[in-house]
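Below: the structure, in structure tokens.
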Amino acid sequence: MSTIQALRGTKDILPTDIGYWQHLEATARQVLAQAAFQEIRTPIFEQTELFARGIGEATDVVGKEMYTFSDRGDRSITLRPEGTAGAVRSFIENKLYGAGGIQRLWYSGPMFRYERPQAGRQRQFHQIGAEVLGSADPRAEVEASAVAGNLLTAVGVKSLKLALNSVGDREDRQRYREKLVEYLTPYKDELDPDSKDRLTRNPLRILDAKVERTREICVDAPSILDVLSAASAESFETEKQGLTTMGIDNTLDNRLVRGLDYYTHTAFEIQSDDLGAQATVCGGGRYDGLVAELGGPETSAVGWAMGMERLILLLQAIQPLPEPSVDFYVVSRGDRAEIQALGVAQTLRQAGYSVEVDLSGSAFGKQFKRGDRAGAKACAILGDAEADNNTVQIKWLNSGEQTEVSQVELLETAKNFHTQNFNN
RNA sequence: GCGGGCGUAGCCAAGUGGUUAAGGCAGUGGAUUGUGAUUCCACCAUUCGCGGGUUCAAGUCCCGUCGUUCGCCCCA
């Protein structure tokens, strides 16, 4: 085959689907602005080192999923696999912390990961994300999850679950890691091969293994919550109370682990049962160490990201898109009429209507048929007779009523169309 | 990176080794060369993702490849 196709794992978003994207984007802009978040747009590619340091060399994302290449100046460049690292880089580079107080930022755009495509997973995918920089208060988590919830509700997605866990700070995790390994080691030979391998590399990961026997073993594993320092535990407790007070349902899931190294303390996911294996629609948590890790001042932070493709999959299942339609469809035949038709279209647009012009030059009957298919409320009709008299016929398609209007007076006359014909 | 399903027109889709590749939607032209939503007629795949093989014969079987889909891994 010689035609060129879109790369594996990439998709065109066609006019038939664009309504979902526009709805999601408009809602995000509105909901986040209401919560005093400001939009930030950062580059789609960055120095590879930003992600290596920020996300963690040992993570799968950095280790085997990044689109990394050398540019013509021999710099190692990476297409961003997520949004937080870039936002934090920008926060530091532009000294946004200098403004003092708390920075609430949001972004949306394409992200890139070299993975095997699946439902709700592509190589180029899109996220909406929000970051709250500069607060160690557990209320920041509560607010961030509340805003995520507001957005999902406003978009119209239903029956989602908020799952919550604390992964503690560095010391907590080190302590927990030891306890967990101690518990799992006797079962070593019963674990699935992947988990067995992780026992030394990344034991926390074993907790969210999918293999049945491994899961059984993990049921009685010690919980990280029992190992948290007094401060970590108290903070987590405050957060849970905050969520409950706000009426946000949440379930504790002490197996929830985040795949990116920068998370500390709170980790949460918003999940749906309707997405198959890719259940997570929104994931986030606290990342107190990241800003300092990337060379900025010690700054506490909380953030989340939503997968737009996944949200749209949910939306498509519950909300059909309205058929596109126009107010006027301009039908014309004959040389002079066809030229005048364009002027009529401009005038109607000036009056605030949406207008589609038929350029086919085919028989009137065909043009009307197309106007009907286009969902037009009315046709503006120009033939030789109208061209001679500088008039235009307006035919309302639901009543069949037709009136003749002078082209010169069309702008004035059109202003009254609204009250007369657009209300039913 | 690993394992399973699938790939016929713009879309949905029949076809399971025998030769003219059903049907529906959409589209185009006409009945109706100045009036739509109904109806009727005609046209719309030398070819079944691509490449190779088996066979007298392949959309149908085999191999490879690309894409897609479901699961694993991982994540949003």
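In the text below, chain A, chain B and the rest are named by the order of the sequence lines, each starting its count at 1.
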Footprint string (nucleotides 26-38 of chain B, 5' to 3'): B base within contact, S backbone only, - free, heavy atoms under 4.0 Å: SSS-B--SBBBB-

Is it true that the NZ or CZ of A:R80 lies under 6.0 Å from the centre of A:F51's six-membered ring and within 45 degrees of the ring axis? no

Classify the nucleic acid contact of A:G9 as base, sugar-phosphate or nothing, counting any heavy atom under 4.0 Å across all strands shown. sugar-phosphate

Nearest-nucleotide pick for A:A119, side chain only, options being B:G1, B:U69, B:C75: B:U69

Rounding to an integer number of Å, can you tell me how far A:D60 CG sits from B:A76 P? 12 Å

Just how far, in rounded Å, is C1' of B:A76 from CG of A:L160? 13 Å

Side chain to side chain, A:L290 and A:T299, heavy atoms closer than 4.5 Å: no

Quickly work out the A:E82 CD to B:C74 P distance and round it to whole Å. 18 Å

Neighbours of RNA chain B within residues 282-291 of chain A, by heavy-atom distance under 4.0 Å: A:C282, A:G283

In whole angstroms, how far is the P atom of B:C75 from the OH atom of A:Y263? 10 Å

Please name the nucleotide paired to B:C2 by Watson-Crick or G-U wobble geometry with both distances under 3.5 Å, or report none. B:G71

Value in whole Å for how far the P atom of B:C70 lies from CZ of A:R121: 11 Å

Rounded distance in Å between the C1' positions of B:C72 and B:C12: 32 Å

Can you measure A:Y262 atom OH to B:A76 atom C1' for me and round it to whole angstrom units? 11 Å

Rounding to an integer number of Å, can you tell me how far A:E131 CD sits from B:A76 C1'? 13 Å

Those residues at least two apart in sequence (or on a different chain) that pass salt bridge (Lys or Arg N to Asp or Glu O under 4.0 Å) with A:R177 are none

Salt bridge (Lys or Arg N to Asp or Glu O under 4.0 Å), paired with A:E115, selected from A:R8, A:R121, A:K64: A:R121

For A:Q5 and B:C66, what is the distance between atoms CD and P respectively, to the nearest whole Å? 11 Å

Distance between the P atoms of B:G36 and B:G30, in whole angstroms? 14 Å

List the steps, then state whether salt bridge (charged side-chain N to carboxylate O under 4.0 Å, His left out) holds for A:K179 with A:E182. CA-CA 5 Å; A:K179 279 200 113 169; A:E182 193 182 312; over 6 Å; no

Measuring only the C1' atom in each nucleotide, how far is B:G17 from B:C40? A whole number of Å is fine. 40 Å

Tell which nucleotide pairs with B:G7, taking only Watson-Crick or G-U wobble pairs whose two distances are both under 3.5 angstrom. B:C66

Would you call A:R370-A:D358 a salt bridge at under 4.0 Å N-O? yes

